[in-house]
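We count ligands from 1, going down the list as the structure has it; atoms in each ligand are counted the same way. When reading the values below, keep in mind they use all heavy atoms of this one structure, side chains included, and skip hydrogens, waters and symmetry mates.
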Amino acid sequence: MKLLDGLTISLCISMATSLVLPGFDQLRLQQQNVLSLLPKEKIQIQTLSEIWSYVDCAIASLGPKEIVIDSDLSILKPVQASSIPRSEFNQWLLYQRNVSFHGVLNNIGGYGYNADNVSVGCIIASPSKSSPNYFYQWVRDSAITINTVIEYLYDDNIDDSIDKSELLEAIDGYINNIHHLQRQDNRSGKFKDGYASLGEPKFMVNGDPFNDSWGRPQRDGPGLRALSVANYIDLLDKLGIQKDSERLSFIYNEVLKPDLTYVTLYWDHDGFDLWEETNGLHFFTSLTQLKALRRGIELALRFEDYEFHRDLKNAYAQLRNFIVGRDSGFQDPRFPHIIEHPNLVDAPAHIRRNGLDIATIIAALRSHDVDDAGDIVNIPFGVDNARVLNSLTYLVNDMKFRYPLNQGRIVPGLTLGMALGRYPEDTYNGVGTSEGNPWFISTSSAGELIYKLLYLQYKYQQDFVIDSSNREFYEMFLDLPKDSARGIQIRIPFGSDTYRALSVSLIQYADSFLDVIREHVDNEGQMSEQFNRYNGYMQGAEKLTWSFGSVWSCLRWRNRILNLLATINE
Ligand code: NOJ
Ligand code: NOJ
């Protein structure tokens, strides 16, 4: 037993902390404060934990548990946007944007040249007919990529080489095609039998059912489709296009409503995941379904469909509770990130997954409209959610070592985006199974997440608030005072110098994912599904519609945040 005074305790703290927790020496910065709070009289200290409790009390009594950083630029870590000169990179961005948009259009039946002899409005996943054969229409890929065309028109940045009315016709074709597919009885079930047919993931390019065995049903398709149809209705409003009421009522009653009804009926039923491999309930499926219900709730009111409005609201409330609650397992307290497949976390070793999956990030992107403030409250797991950001941080940390081609990007002291794949345990090589590879959609989704995060921050003028829940993400960009790990949060006020500097870092970081893509597309900007984990050569289905759509969407968000920043700085 020893009798110590405040000064000795404080010295002990410094020594103990640098021994026990290297780096904790930031506390020394506060030593004067701590010292003044420690007892002046001699007190008995027996164990290290007693010392800690003095430290905690002292820190607590220092006032609000918050450190504000607004002008310190020395905490910023270097980030590198691109490995080629800026001007060349900017040129590439413009070029790739155009190629990506056309990459989607080329694969639309009735519009694009890769989709000859394909029904009007059918979007082929890829023109590849063998090794692998992706010459089919997938409900998911089509819904996500037609949205590219809808957003393109919505942004109103039409270039002269594109005829706007032809694009609108292509979307109309897509809508009619949905109506046809919905009513094709198939191996997932019959339309008349509780809309079971809607769980079918993939169809022939002439609209016939696909009859081979497959991972079915997949229950994300109807919700994703409903989201695109809802966006199309918004687009018609924005463009002031008055469809005759018969057509509008057809779209609402015959196309949108069956898909939304499907979500209300089956959100709690097992199904295969978006990667078509595993049966259960999945974060991607649930969150995109939730957003679809939300959109349905708005539209049911508009179409004065009150009974259906009530059904949608009920399903929405239940699904939301499920997603945020304990039962889903999406937020497992053992992990800091989202769990895509909770039923596989503790599964036998040969099928076990650690829950990290780019699907969680794609889900956050597809289910949040950052321009709609309602989504911040109504849809959990937005682009600034700590678990979403942790999912990215942990995926990057895993894949930077998993895929040897990332080695060149591991530069000590420099923060850089990496080539990302679907999930760590992936073994699909684009044709069969051996080893998984990086994917274009995964890598571009990482970039899109960061642009969108920054857009959200600026749009709502939010401070950056960093605490133990999201600290690992922000530590990629900032040397944070170490004591913030012990319950103290850091606030970087909106518009401050540090805020602006961090914003630049985030854009550079997002750009660095696009830089990875730049390295691996071919000379014409064409993209397949994957690129080889060792040598970076493209592999898997060529000209994959979803790769183009996803890169286009990432570039769209890059433009949107840069435009927003430009208006603020004017
Ligand atoms: C084809 C699916 O589309 C893909 O996602 C999956 O990984 C493989 N089949 C597994 O064999
Ligand atoms: C395999 C992917 O895993 C799946 O999500 C996609 O729908 C198909 N490829 C078609 O692109």
K.L.:
Do any pairs count as a side chain to side chain donor-acceptor pair (under 3.5 Å) and have a residue in residues 261-270, sequence neighbours left out, and if so which ones?
P.N.:
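Pairs touching residues 261-270 that pass the test: Arg219-Tyr262.
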K.L.:
One thing to verify: whether Glu340 and Arg422 come together as a salt bridge, which I'm taking to mean a side-chain N less than 4.0 angstrom from a carboxylate O.
P.N.:
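So Arg422 does not pair with Glu340 through a salt bridge.
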K.L.:
Once you restrict both partners to nitrogen or oxygen, which atoms of ligand 1 have a protein partner under 3.5 Å, and how far apart are they?
P.N.:
unit_1   : atom_1 : unit_2 : atom_2 : d
ligand 1 : 3 (O)  : Glu276 : OE1    : 2.4
ligand 1 : 5 (O)  : Trp275 : O      : 2.8
ligand 1 : 5 (O)  : Arg422 : NH1    : 2.9
ligand 1 : 7 (O)  : Glu277 : OE2    : 2.5
ligand 1 : 7 (O)  : Arg422 : NH2    : 2.8

K.L.:
Please identify which atoms of ligand 2 are closer than 4.0 Å to at least one heavy atom of Arg140.
P.N.:
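Per the distance check, 4 (C), 5 (O), 7 (O).
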K.L.:
Quiz question: by atom type and distance under 3.5 Å, do the side chains of Asp172 and Tyr232 form a donor-acceptor pair?
P.N.:
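Per modelled atom types, Asp172 and Tyr232 side chains form a pair under 3.5 Å.
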K.L.:
Go through the steps to decide whether Asn147 and Leu227 satisfy the test side chain to side chain contact (heavy atoms under 4.5 Å, CB included), and finish with yes or no.
P.N.:
CA-CA 9 Å; Asn147 209 38; Leu227 286 177; over 6 Å; no
K.L.:
Is there a donor in the side chain of Ser83 and an acceptor in the side chain of Asp515, or the other way round, less than 3.5 Å apart?
P.N.:
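A donor-acceptor contact under 3.5 Å links the two side chains.
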K.L.:
Ignoring hydrogens and angles, state whether a donor on the side chain of Asn114 or Asn106 is under 3.5 Å from an acceptor on the partner side chain.
P.N.:
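Distance-only check fails for Asn114 and Asn106.
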K.L.:
Regarding ligand 2, does Trp546 bring an N or O atom to under 3.5 Å of one of the ligand's N or O atoms?
P.N.:
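Between Trp546 and ligand 2, no N or O pair is found under 3.5 Å apart.
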K.L.:
Check whether the side chains of Ser142 and Gln137 place a donor and an acceptor atom closer than 3.5 Å, and report yes or no.
P.N.:
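Note: Ser142 and Gln137 side chains miss the donor-acceptor criterion.
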